[in-house]
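To find a chain, count down the sequence lines: A is the first, B the second, and so on, and within it residues start at 1. Since we're looking at a predicted model, the values are computed, not measured.
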There are 2 protein chains.
Amino acid sequence: MRLPLDGGQMKRFHLDSPKRKAVSPLKKYELARFVKRRKPKKWSLEEEDALREAVKKYGKGNWKLIWNSRRDVFQERTEVDLKDKWRNMTRYG
Amino acid sequence: MRLPLDGGQMKRFHLDSPKRKAVSPLKKYELARFVKRRKPKKWSLEEEDALREAVKKYGKGNWKLIWNSRRDVFQERTEVDLKDKWRNMTRYG
DNA sequence: CACTAGGGATAGGGTTTA
DNA sequence: TTAAACCCTATCCCTAGT
């Protein structure tokens with residue numbers, strides 16, 4: 001399960017390793033009903049600036065390092081969020 | 001590119017993944033002139049009922065799952081259409 | 001095994017049609 | 001003018017690959 005949904009430090013949702021027993025595909029989706037998706041939150045200018053600075057400093061791709069470098073600003077983001085945001089910010093050249 | 005515009009199974013419009021080469025944003029808009037908008041099609045009672053049932057069963061938000069659960073009825077809709085329709089159906093009250 | 005890359009899905013604001 | 005239908009796309013999720 002993903003915890004916590006709000007407040008506290010973000011952790012990425014992670015399923016356990018596949019088990020031996022075959023599991024109906026529906027299982028996963030049934031789970032989905034209880035594992036709420038995060039509400040989309042618009043990036044602030046401060047966050048964008050921090051990301052630009054950190055990428056310049058640590059290099060694109062080092063998302064975990066970048067995230068750790070500014071926990072104060074990125075508290076409610078995951079390292080994957082940073083990766084996704086950078087993709088958006090650089091999407092059209 | 002969105003295919004097909006009519007007939008066959010609906011697919012969502014999807015741009016290719018970003019390439020190395022920068023692409024002018026204008027490209028997209030130029031493209032837009034040739035990608036026709038679908039002709040609005042009224043939702044049938046059968047479709048509305050199927051949507052209500054499926055949302056009850058699988059939960060609001062699991063649009064792809066819902067779409068897959070009744071392909072026969074939703075054949076000419078996309079999962080986004082389902083989401084939009086649900087928004088309309090629950091908009092007031 | 002922790003992390004990243006990249007394709008997929010959803011949420012919500014916008015736009016167009018009837 | 002309005003509501004339904006449809007579109008746009010930032011944000012978030014999934015997971016193969018390393």
Practice problem: Answer yes or no: is there a side-chain heavy-atom contact under 4.5 Å between Trp43(A) and Met89(A)? | Solution: no

Quiz prompt | Trp86(A) vs Leu82(A), side-chain contact (heavy atoms from CB on, under 4.5 Å): CA-CA, chis, key distance, verdict | solution = CA-CA 6 Å; Trp86(A) 187 254; Leu82(A) 271 48; over 6 Å; no

Exercise. Can you tell me the distance, in whole Å, between the CG atom of Leu82(A) and the P atom of dA10(D)?
Key: 16 Å

Quiz item: Considering only dA5(D), dC6(D), dT10(C), which nucleotide approaches the side chain of Glu79(B) most closely?
Solution: dT10(C)

Practice problem: Show the numbers, then the answer: is there a side-chain contact (heavy atoms from CB on, under 4.5 Å) between Glu79(A) and Ile66(A)? | Solution: CA-CA 8 Å; Glu79(A) 66 272 26; Ile66(A) 289 170; over 6 Å; no

Quiz item: Within the structure shown, what part of the strands sits under 4.0 Å from Lys64(B) by heavy-atom distance: base, sugar-phosphate, or nothing?
Solution: sugar-phosphate

Quiz item: Tell me, do Phe74(A) and Leu51(A) make a side-chain contact under 4.5 Å, heavy atoms counted?
Solution: yes

Quiz item: Side chains of Trp67(A) and Thr78(A): closer than 4.5 Å at any heavy-atom pair?
Solution: no

Quiz item: Roughly, in whole Å, what's the span from NZ in Lys83(B) to P in dG12(C)?
Solution: 9 Å

Quiz prompt | side-chain N/O Trp86(A) vs dA5(C) OP1/OP2, d < 4.0 Å | solution = no

Exercise. Not counting sequence neighbours, which residues clear side chain to side chain donor-acceptor pair (under 3.5 Å) with Lys85(A)? List them please.
Key: Glu48(A)

Quiz item: Restricting to pairs with a member in residues 51-66 of chain A, which pass side chain to side chain donor-acceptor pair (under 3.5 Å), not counting sequence neighbours?
Solution: Asp49(A)-Arg52(A)

Exercise. Could you check which of dG12(C), dC6(D), dC13(D) has an atom nearest any side-chain atom of Val80(A)?
Key: dC13(D)

Quiz item: Whole-Å distance between dG8(C) C1' and Asp84(A) CG?
Solution: 11 Å

Quiz item: For the side chain of Arg87(A) and the base of dA5(C), is some donor closer than 3.5 Å to an acceptor across the two?
Solution: no

Quiz prompt | Value in whole Å for how far the P atom of dA9(C) lies from NZ of Lys39(A) | solution = 22 Å

Practice problem: Select from Lys60(A) and Gly61(B) the residue whose nearest nucleotide in DNA chain C is closer to the 5' end of that strand. | Solution: Lys60(A)

Quiz prompt | Integer-rounded Å distance: dG13(C) P and Asn88(B) CG | solution = 14 Å

Exercise. Mark yes or no for a side-chain to base donor-acceptor pair under 3.5 Å between Arg37(B) and dC6(D), with no hydrogen or angle criteria applied.
Key: yes

Exercise. With the side chain of Trp63(B) defined as its heavy atoms from C-beta on, choose the nearest nucleotide among dA18(C), dG6(C), dA11(C).
Key: dA11(C)

Self-check item: Contacting residues from residues 40-51 of chain B, given that a heavy atom lies under 4.0 angstrom of DNA chain D
Solution: Pro40(B), Lys41(B), Lys42(B), Trp43(B)

Self-check item: Interatomic distance where CD belongs to Glu76(A) and P belongs to dT11(D) [whole Å]
Solution: 12 Å

Quiz prompt | Arg38(A) vs dC13(D): side-chain N/O to OP1/OP2 distance below 4.0 Å | solution = yes

Practice problem: Round to the nearest Å and state the distance from Arg91(A) atom CZ to dA5(C) atom P. | Solution: 14 Å

Practice problem: Take atom NZ of Lys36(A) and atom P of dC13(D), then tell me their distance rounded to the nearest Å. | Solution: 11 Å

